[in-house]
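Computed from a predicted model, the values in this text were never measured in an experiment. Order of appearance sets the numbers: ligands from 1, and atoms from 1 within every ligand.
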Amino acid sequence: MNNDNANLRQHKVLLIYTGGTIGMGRNPQTGALEPLNFEHLIANLPEYAYLKTDVDVYQFTPPIDSSDISLRRWAQIVRIIADGYDRYDGFVILHGTDTMAYTASALSFMLENLTKPVILTGSQLPIGQLRTDGKENLVTSIELASAYNDNGRPMVPEVCIFFGGRLLRGNRSTKESADGFNAFNTFNYPHLCEAGVEFQFNPHFILKPDYSRPMIPHYAMDPNVVVFSLFPGIQQNIVRHVLEAPELRGIVMRSFGSGNAPQKPWIRQLLMDATKRGVTVVNITQCVAGNVKMGRYEASYQLKDAGIVSGYDSTVESAVTKLMFLQARYSDCHTIRNLMNTNLCGEITK
Ligand code: ASP
């Protein structure tokens, strides 16, 4: 499908500026990049005046480095979107790249039955620098957030990341490069659109929400989760301290290959003790691509037996934010485990 099907007539978009490199400038004392307000950003983007879309702006005061994003900030973004949901055709969130995939994943769960585009973008070089990628990322994200088809439906009614010419499903995205312009990728899911001279949408891979249902915003997230990676030589006492933390309700375990763990009895025992206490243990792979298949090898059969649930082909960002979301909504670990195994909004392939 090309541009002809993406009706780019004037729509109204809300731009939420949270911070990140895109709007940063150098502190003259320290030389370090720090977030500046939206006026600085716009002063470096004369193209803004020529946009066909009607854009309103909401900015975080002060704007933040995305390393400082928090559950409170996610709830704030959800509130802004929910409050403006009927007034805007789409939303663009300017966000630092470091935690953009976490925010995109969290929002995909918190905005239940989303029927409008929510596009996160940012840049690797500040918008004031000559070779910046910020202009292209910002202008194209606004076009994508306002791209509707002839039936009046948005082309991408889901939470996405747009970066380096690719539109990606938010809860499938991972930051793959700390300094390249193609900073994000979805290793287990096709790109939703390639933005070259024309937009090449892949409609088959884009979510099709139920437009008769309202969008339901959720604000609460339970942070009592931990991500831990297995590695050869991992020590029992250290793992015990982490797994026995009394507040802990969810564990994302990054295992080897297709979901394998060392076959030491203490590992199975500690994990089983945790699951018996009601902790949800989710098994995802350390590989950037591929799916967990517990039981394929003896080294993962023992995990299945210990009550661990498969995270399938989840990214770590998606698994951890999905756990936070489900733990805030349900007290019963069986419901949480069942829903971790359910594809809620395109985050896993079963
Ligand atoms: N540290 C920055 C941030 O995540 C990096 C970036 O925006 O690319 O806010």
Exercise. Would you say the side-chain atoms of Ser258 and Lys293 include a donor-acceptor pair closer than 3.5 Å?
Worked result: no
Exercise. Would Thr99 and Ser66 count as having a side-chain donor-acceptor pair, cut-off 3.5 Å?
Worked result: yes
Exercise. Which of the atoms of ligand 1 are close to Gly20, meaning less than 4.0 Å from one of its heavy atoms?
Worked result: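 Those atoms are 7 (O), 9 (O).
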Seminar exercise, completed: For Thr21, the ligand 1 atoms with a heavy-atom partner under 4.0 Å come out as 2 (C), 5 (C), 6 (C), 7 (O), 8 (O)
I want to know if ligand 1 touches [X] in the polar sense, i.e. an N/O pair below 3.5 angstrom.
X: Thr97; result: yes
X: Ser67; result: no
X: Thr99; result: no
X: His95; result: no

Problem set entry | Distance from atom 4 (O) of ligand 1 to nearest protein heavy atom, with residue and atom |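 Going atom by atom, the protein heavy atom closest to atom 4 (O) of ligand 1 ends up being Ser66 OG, 2.5 Å.
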Exercise. Just wondering, are more than 12 heavy atoms of other shown residues or ligands nearer than 6.0 Å to OH in Tyr48?
Worked result: yes
Exercise. Would the number of heavy atoms belonging to other residues, nucleotides or ligands and lying under 6.0 Å from NZ of Lys304 be above 12?
Worked result: no
Acceptor/donor pairs from residues 227-235 side chains to any protein atom, 3.5 angstrom cut, sequence neighbours excluded:
| unit_1 | atom_1 | unit_2 | atom_2 | d |
| --- | --- | --- | --- | --- |
| Ser229 | OG | Arg254 | NH1 | 2.7 |
| Gln235 | NE2 | Gly233 | O | 3.1 |

For this session: Check whether any heavy atom of Ala183 sits under 4.0 Å from an atom of ligand 1.
Result: no
Exercise. Per the side chain to side chain contact (heavy atoms under 4.5 Å, CB included) rule, which among Leu168, Thr315, Ile161 passes with Thr186?
Worked result: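 The option that passes is Leu168.
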For this session: With heavy atoms under 4.0 Å as the rule, classify the contact between Ser123 and ligand 1 as side chain, backbone, both or neither.
Result: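 Ser123 to ligand 1: backbone contact only, side chain stays beyond 4.0 Å.
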Donor-acceptor contacts, no H, no angles, side chain residues 79-88, under 3.5 Å, sequence neighbours left out:
| unit_1 | atom_1 | unit_2 | atom_2 | d |
| --- | --- | --- | --- | --- |
| Tyr85 | OH | Thr115 | N | 2.7 |
| Tyr85 | OH | Thr115 | OG1 | 2.7 |
| Tyr85 | OH | Lys116 | N | 3.4 |
| Arg87 | NH2 | Asp83 | O | 3.4 |
| Tyr88 | OH | Asp56 | OD2 | 2.5 |

